[in-house]
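We name chains A, B, ... by the order of the sequence lines, and we start the count at 1 in each one.
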Amino acid sequence: MSDHLSASSWTVSTRTRGSAVSMLAILALVALAFAAPLFVSRSVVQDLFFILTMLVLAQCWNLLAGYAGLVSVGQQAFVGFGAYAMFAGVSLLGMDPMAAIVLGGLAALALSVPTAFFVFRLQGAYFAIGTWVIAEIVRLSLAQWKALGGGTGTSLPSGATRDMVGVRFVADLLGVRGPQATDIVCYWLALLLAVVTIGSIYKLLRSKQGLGLAAVRDNREAARSVGVDPTWTKSFVYLVAAFATGLAGALIYVQKARISPDAAFSVPDWTAYVIFIVVIGGIGTIEGPIVGVIVFYILQNMLADYGSWYLLILGLIGILIMLFAPRGLWGLFADRTGAQLFPVRRILAGQPKPPAQTQDIRGSD
Amino acid sequence: MPILALDQVSKSFGALKVADTISFALEKGEALGVIGPNGAGKSTLFNLITGNIRVDAGTIRFDGEDVTRQPPMARCLAGVGRTFQIPQPFEKLTVFENLLVAGAFGSRKTEKEVGDRCADILVETGLYPKANQPAGSLGLLQRKRLELARALATDPKILLLDEIAGGLTEGECQELVETIRAIHRRGVSIIWVEHVLHALNSVVSRLVVLHFGRVIGDGDPETIMASRDVREIYLGIDV
Amino acid sequence: QGAPIKLGYVSPQTGPLAAFAEADKFIIDGFMAATKAAGLNYEVVVKDSQSNPNRAAEVAKELIVSDEVNLVLVASTPETTNPVATTCEAEEVPCISTAAPWQPWFIGQQANPGDPASWKPFNSVFHFFWGLEDVIAVYTNMWGQLETNKKVGGLFPNDGDGNAWGDKAVGFPPVLEKLGYSLNDPGRYQNLTDDFSAQINAFKSDGSDVITGVMIPPDFTTFWNQAQQQGFKPKVASIGKAILFPQAVEALGKNGHNLSCEVWWSANHPFKSSLTGQSAGELAEGFTKATGRPWTQPIGFVHALFEVAVDVMKRADPTDSEAVIAAIAASNIETIVGKVAWDGANLPPFAGKNVAKTPLVGGQWRLREGGGYDLVIVDNQTAPNIPTGGKMEAIG
Amino acid sequence: MALLETHGLTAFYGDFQALFGVDIALDEGETVAVIGANGAGKSTLLRSISGLIRTMPGQIRFDGREIGALAAPDVLQLGIAMVPEGRRLFPSLSVEENLLIGRYGRVGNGAWSLDGIYDLFPVLKERRHQPGTALSGGQQQMVAIGRGLMSNPRVLLCDEVSLGLAPVVVRDIYAAFPKIRATGASIVIIEQDIGQALKVADRVYCMMEGRVTLSGTPATLSREDIHAAYFGAHAR
Amino acid sequence: MSWLDTILQGILLGGLYALFAAGLALVFGIMRLVNLAHGDLIVLAAFLILVLVSALGLNPFIAAAVALPVMFALGWALQFLVLNRTLGKDILPPLLVTFGLSVVIQNGLLEGFSADSRRISAGALETASIQIGPISIGTMPLLTFLSAVAVIVALNLVFYRTSLGRAFRATSDDSATAGLMGIRAERIFATATGLAMMVVTIAALYLGTRANFDPTMGPARLIYAFEAVIIGGLGSFWGTLAGGIIIGVAQTVGAAINPEWQILAGHIAFLLVLLVRPRGLFPRAVD
Ligand SMILES: Nc1ncnc2c1ncn2[C@@H]1O[C@H](COP(=O)(O)OP(=O)(O)OP(=O)(O)O)[C@@H](O)[C@H]1O
Ligand SMILES: Nc1ncnc2c1ncn2[C@@H]1O[C@H](COP(=O)(O)OP(=O)(O)OP(=O)(O)O)[C@@H](O)[C@H]1O
Ligand SMILES: [Mg+2]
Ligand SMILES: [Mg+2]
């Protein structure tokens with residue numbers, strides 16, 4: 001078919017008209033976020049930390065459920081395992097918390113390998129339940145780890161976070177107290193993690209692997225027939241999500257400084273809320289979790305003082321959105337406006353060759 | 001050496017035997033038609049050749065290599081391209097992306113390398129105007145074209161076509177026949193399952209007849225069409 | 001006068017632990033009224049931990065960072081007190097905590113709970129309550145009132161309380177051994193277990209006369225029913241936590257009669273509030289009047305928490321954390337739960353700085369004629385100033 | 001007035017239009033055959049009548065009622081049963097259960113019962129407890145027809161009942177039709193085998209590309225007419 | 001004798017889990033609907049029984065009988081109005097909607113009944129037992145187990161011997177063709193969920209009399225129920241009972257070794273069964 005490659009002038013791009021503008025806006029926003037600790041109050045930094053870490057978890061879950069069709073209700077396994085590994089690194093091995101966060105991510109990655117082996121034998125709903133059981137097993141096993149407090153839990157050695165790499169420097173540079181400097185360093189780490197996570201997911205989706213992933217999600221059998229290996233594609237995504245989730249878990253618990261199995265493997269905190277964030281914002285888009293986490297944060301601040309009403313309303317909103325706007329708030333918005341901050345569509349442009357050249361293959365009518 | 005050779009291939013679904021010791025070989029560059037009543041096992045035969053379904057017994061050799069135990073991905077890479085009888089597009093991807101997936105994965109190349117070829121195939125199969133639309137929005141005819149286009153994008157050595165002419169108007173059918181002839185002329189071997197006999201017979205040089213999973217006829221179209229079995233079982237013409 | 005003194009208060013107002021916080025509103029209302037009457041200007045920022053340790057840590061951080069409270073108060077179970085105290089310690093913000101035995105609080109916040117040599121005191125967080133040594137003393141004193149074979153079956157879950165109670169160094173085992181009891185501890189079970197046949201079989205074959213442990217209410221009900229079904233009938237069952245609240249005992253029907261437990265506080269305790277001058281009885285009665293519910297033990301401690309806070313703030317500049325911390329350490333105040341002073345009395349040296357102890361006695365639930373249960377104090381050897389209402393009785 | 005008739009029936013699959021104004025009529029007790037090439041819209045016609053595809057209310061009338069907008073179960077209750085293309089037996093049900101399920105929406109007490117079906121297709125009685133899908137294609141088709149009859153319909157719609165069946169089996173199945181007609185039921189059959197269709201039908205409609213291109217009684221239709229109507233003008 | 005007792009207690013416990021799981025299996029088997037709110041619905045039913053017991057002074061068994069039709073209606077409406085809209089190829093919508101429902105029910109109950117743990121009193125039955133040789137068997141656990149068996153038998157009868165059951169299976173196989181038989185899939189699904197809620201009510205009776213319950217304890221038991229269903233094989237009621245028993249026995253045997261292993265052992269048994277048989281012990285021939 002070599003003669004086909006010659007004359008035509010095709011271009012393939014994923015950019016939309018607005019995408020260059022939105023890329024710039026996003027870069028500006030990231031720069032602004034980086035500088036935020038200089039001019040906002042500590043409580044805002046704190047809230048931003050919460051938003052960013054939840055965003056990372058939501059992006060990871062969305063990557064699994066929205067892009068790979070892997071509905072996991074066991075992501076708390078990786079949050080908790082990453083966090084426990086971080087604690088072990090700091091408390092038992094005397095590592096710097098910063099290094100221990102990386103250890104947390106790696107530990108979650110390591111956990112995901114045997115886990116994947118098991119859960120990928122299961123399909124659909126079985127997969128969901130399988131991930132949940134695995135998370136329970138990990139929780140119950142870590143509850144037996146006496147050196148880290150067993151079921152009681154444990155706290156980071158006092159001062160560990162204050163001696164973390166960079167904290168002293170930030171404290172001196174900005175003239176703030178130790179705990180505040182720790183918060184700022186953690187915030188920057190969260191920002192970095194969020195940006196890298198979103199960037200990597202975006203890059204993945206625009207890569208060949210991302211295309212294969214979409215194909216597998218849409219039609220597994222057909223994907224196999226055009227050369228895509230569904231198991232490998234899904235496993236890859238599963239491992240990546242576990243790694244990022246583990247990093248986020250470790251980071252969250254550096255900030256909390258206290259861990260217990262029930263907290264670190266909490267289904268509501270690390271999976272339920274995350275699912276709500278993705279569903280409210282819009283599953284299967286990068287923008288969705290971003291919108292979702294903001295809405296979730298606002299809801300939480302408005303309603304948190306109403307105790308169980310808060311969760312009740314959150315549940316109702318989740319149900320209503322799933323029933324009436326299954327593509328979430330971002331979906332509603334994008335359907336109206338066609339807006340896309342992170343376009344992944346490959347748009348084909350260019351001219352087909354003049355009819356004379358295609359004569360040989362089309363024949364005359 | 002034949003490009004594809006089936007030897008005593010069998011497959012059952014429970015008590016139902018859908019492939020019963022099927023053996024035949026296809027020479028490089030040959031175009032073979034497969035006919036038979038509904039449920040005879042034609043689509044299943046394709047699924048066995050592509051690996052979407054595992055054989056119970058027998059061997060399948062492709063291009064000299066035993067592929068009986070290989071998964072569909074490997075066979076695709078080796079050069080087996082197929083269409084599905086019921087079109088199976090990647091619905092949320094655009095038509096062009098459907099081809100990109102097939103191009104990039106089916107021939108182990110980068111997206112960049114296969115982009116132009118995919119675009120040319122779109123033109124060739126008449127899908128170019130729909131290139132940037134989601135495949136889920138296509139009608140049945142275009143879905144069938146997409147099946148063909150996607151199979152072509154994997155750069156196959158052999159192309160398995162499952163009833164892609166059904167439901168086409170006379171003119172469309174003619175166009176399709178021309179396209180398939182052109183593909184064939186480039187040296188791609190073809191196996192075509194089709195009920196639209198005049199279209200089939202204007203392309204293939206040999207017919208295999210399947211009935212209850214068995215090969216009950218194999219030869220040149222004229223003799224096959226005239227044979228008693230085919231007239232009785234398949235054409236339903238009183239003899 | 002200027003700005004009000006800001007107190008932050010965290011407790012589990014919703015979720016499984018909500019019973020501990022049921023008197024919060026009543027007590028805080030009373031606190032605000034009393035301080036206003038005394039011409040003091042206080043503001044209390046109340047946060048709900050939702051019985052969730054993650055949430056507890058978050059709201060503690062909010063109190064410190066957004067509300068900029070002068071002092072954090074926290075009550076009820078290690079699941080709530082520990083995350084809050086850990087956060088305060090990291091933030092160098094003064095914190096007073098209560099209503100959790102001191103070992104799970106103190107040891108549970110150590111980086112390596114298994115290694116006593118590594119334990120360190122805290123700078124800014126303080127706790128008042130009793131400890132395991134007290135509950136052990138109370139339980140063994142109660143058991144001593146009866147004739148038993150000195151064989152004890154232990155039911156300790158794998159949670160903050162259970163691990164501390166069953167701990168080989170600081171928990172029940174060493175003391176019981178010293179007193180001549182033999183403890184049969186089959187091992188840590190998970191909370192919300194549906195079957196206790198393993199434990200029952202172990203106790204039965206051992207012939208244990210005494211059962212003890214620290215259980216959550218549903219688990220104790222499961223255990224107690226199953227024990228009766230299996231024909232295991234110990235003479236004594238002294239259980240922490242599960243039968244703290246009258247509702248939980250009533251849930252056992254008639255089978256709650258003569259179950260024994262530790263009593264931290266009761267309507268009969270001979271103490272007065274330093275804040276309102278109310279006696280324990282009056283406080284309990286006020287609560288029942290306001291809510292229509294029977295009094296419960298945490299009421300006194302939540303009240304005392306605010307008493308201590310006011311006392312501390314009288315002695316320090318509220319905005320100066322260092323001064324507040326110093327003032328807490330120097331406290332010596334008679335509260336509605338007894339004396340609170342961080343003087344290290346009756347404590348091992350490592351905990352002396354951060355922990356103050358309040359008196360503990362033992363009680364038994366007695367079926368009232370016409371339904372309902374009364375908690376009767378049956379042993380006061382540990383705190384003779386608290387009057388008893390009867391003698392220890394063996395179960396049916 | 002006809003028992004069942006369509007007026008300018010149109011039908012769509014999403015955006016794809018499969019029928020373009022089809023008019024057919026069926027009288028009480030009559031058997032009508034619909035023939036036509038692959039994709040002509042024959043199945044779509046039956047699906048529209050049986051309520052699997054919703055159409056405009058006025059486009060289909062049955063016994064004086066407009067039924068175009070009714071859902072499948074409602075259509076069945078009025079007395080129209082369908083033997084779907086490809087048999088569609090329920091794999092988790094045995095042969096007998098497959099038959100019994102036909103009685104679920106039963107309208108009245110008519111002639112058909114389990115025994116009646118077993119009399120019609122004796123071979124089914126022997127295999128009554130086997131899963132429906134374990135039967136041969138022809139036997140499966142018998143179950144599908146029996147299942148349709150169990151509701152005692154006034155109209156039985158049969159979609160390609162001889163598809164992919166050996167000629168002997170086809171003969172057995174078609175042998176049953178006179179008995180079905182004898183109970184007073186009207187029948188619409190779709191048939192690829194033109195000879196077979198002409199043999200059983202009182203009247204024939206020929207469809208192409210979503211339109212009726214020819215109709216008449218078997219006696220009046222020549223093979224050439226049919227061939228032209230079948231393949232269009234450019235037929236080879 | 002101790003091991004015999006351990007296994008016997010495990011089997012009885014398995015009855016409880018099977019009872020929790022039976023309703024789930026029904027809904028899962030017919031509609032492929034993963035109901036994450038199942039545990040909370042059990043708790044809801046327990047509160048309903050509790051209200052009937054305390055408000056009308058009914059015996060709990062009579063109260064449960066009164067609650068049966070109420071729960072049936074609730075399940076019917078829930079499926080007809082809400083869950084039917086979520087059914088389809090994608091498993092995510094039902095999963096998320098029932099998850100939201102779980103949160104709503106839990107917190108609605110918290111608002112209505114507070115977090116106090118409650119108990120339905122069954123009087124002397126609670127502690128009664130039957131002595132067989134050296135082993136004593138609690139009357140309530142035995143009743144629970146027998147009820148589980150009865151529920152399974154009843155479900156099997158309904159499923160395999162009645163025209164409703166045929167309609168269930170037919171709709172599950174192919175709802176479009178079932179429509180041609182006069183079967184209204186939405187109502188069949190609603191009826192199935194209604195039936196499942198009746199099973200839930202029976203489960204609630206035993207949950208509520210066995211130990212304390214509170215609004216938040218649903219999910220903890222749900223996971224065992226799911227395990228039982230999955231180990232058993234999709235759509236097999238006897239399989240569900242077997243699954244419940246496997247988990248129950250694994251738990252008691254694990255506990256006999258060391259209570260630390262109790263719950264873990266149940267989960268590990270689940271993993272092991274699935275490793276060997278990914279589709280469960282008694283999978284249906286066609287899926
Ligand atoms: N996955 C499967 N499980 C069970 N039976 C199957 C499966 N796939 C196909 N069959 C059965 O195998 C037989 C052969 O099917 P196949 O699709 O190969 O027929 P075909 O010759 O392609 O028919 P058509 O001309 O209608 O496409 C049919 O009876 C079909 O019902
Ligand atoms: N579910 C569907 N979605 C989209 N298009 C469809 C669908 N079913 C049928 N069609 C299309 O509608 C047209 C009419 O189809 P129909 O099945 O009615 O034809 P038919 O005459 O019954 O053909 P056959 O002889 O193959 O059964 C065809 O072009 C077909 O491709
Ligand atoms: Mg086929
Ligand atoms: Mg058809």
Novice: If you take all heavy atoms of E:Arg119 and C:Ala251, which pair is closest and at what distance?
Specialist: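 Distance-wise, the nearest heavy atoms are NH1-O, 2.8 Å.
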Novice: Kindly indicate whether the side chain of E:Pro259, heavy atoms from C-beta on, has any atom under 4.5 Å from the side chain of C:Gln199.
Specialist: yes
Novice: Taking all heavy atoms of C:Gly231 and all of E:Ser136, pick out the closest pair and write down the distance.
Specialist: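 Nearest heavy atoms, C:Gly231 then E:Ser136: N-OG, 4.2 Å.
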Novice: NZ of C:Lys254 to OG of E:Ser121: how many Å apart, nearest 0.5 Å?
Specialist: 8.5 Å
Novice: Does some side-chain heavy atom of E:Gln9 sit less than 4.5 Å from a side-chain heavy atom of C:Asn201?
Specialist: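 No; the side chains remain at least 4.5 Å from each other.
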Novice: Heavy-atom distance under 4.5 Å to chain C: side chain of E:Thr216, backbone, both or neither?
Specialist: side chain
Novice: So which heavy atom on C:Thr222 is nearest to which on E:Ala211, and how close?
Specialist: OG1-CB, 3.0 Å
Novice: Check whether any side-chain heavy atom of C:Leu192 lies under 4.5 Å from a side-chain heavy atom of E:Met217, and answer yes or no.
Specialist: yes
Novice: Compare all side-chain heavy atoms of E:Ile137 with those of C:Gln230 and state whether any distance is below 4.5 angstrom.
Specialist: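 Result no, sub-4.5 Å side-chain heavy-atom pair not found.
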Novice: Compare all side-chain heavy atoms of E:Met140 with those of C:Gln229 and state whether any distance is below 4.5 angstrom.
Specialist: yes
Novice: Less than 4.5 Å apart, any side-chain heavy atom of C:Asn225 and any of E:Arg210?
Specialist: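 No, their side chains stay 4.5 Å or more apart.
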Novice: Which region of E:Gln262, side chain (C-beta onward) or backbone (N, CA, C, O), has a non-hydrogen atom less than 4.5 Å from a non-hydrogen atom of chain C, or is it both or neither?
Specialist: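 The answer is the side chain of E:Gln262.
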Novice: Is the closest side-chain heavy-atom distance between E:Thr127 and C:Trp224 below 4.5 Å?
Specialist: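 Side chain of E:Thr127 against side chain of C:Trp224, heavy atoms only: no contact under 4.5 Å found.
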Novice: Is chain E contacted by the side chain of C:Gln226, its backbone, both, or neither, given a heavy-atom distance below 4.5 Å?
Specialist: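 Contact with chain E involves the side chain of C:Gln226 alone.
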Novice: Counting heavy-atom pairs closer than 4.5 Å to chain E, which one of C:Ala227, C:Gly253, C:Pro217, C:Ala19 comes out on top?
Specialist: C:Pro217
Novice: Give, for atom CG of C:Leu252 and atom CG of E:Asn212, the distance between the pair rounded to the nearest 0.5 Å.
Specialist: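 Those atoms lie 6.5 Å apart.
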Novice: If you count heavy-atom pairs under 4.5 Å with chain E, which of C:Glu250, C:Arg188, C:Gln247, C:Glu22 comes out on top?
Specialist: C:Arg188
Novice: So what's closer than 4.5 Å to chain C heavy atoms on E:Phe213: side chain, backbone, both or neither?
Specialist: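 No part of it gets close to chain C.
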Novice: Is a side-chain donor-acceptor pair under 3.5 Å present for E:Tyr17 with C:Asp194?
Specialist: yes
Novice: Can you confirm whether more than 12 heavy atoms, excluding those of E:Trp261, are under 6.0 Å from its CH2 atom?
Specialist: no
Novice: If I compare all heavy atoms of E:Glu126 with all of C:Asn255, which pair ends up nearest, and what's the gap?
Specialist: OE1-ND2, 4.0 Å
Novice: At a heavy-atom separation under 4.5 Å, does E:Ala128 approach chain C through its side chain, its backbone, both, or neither?
Specialist: backbone
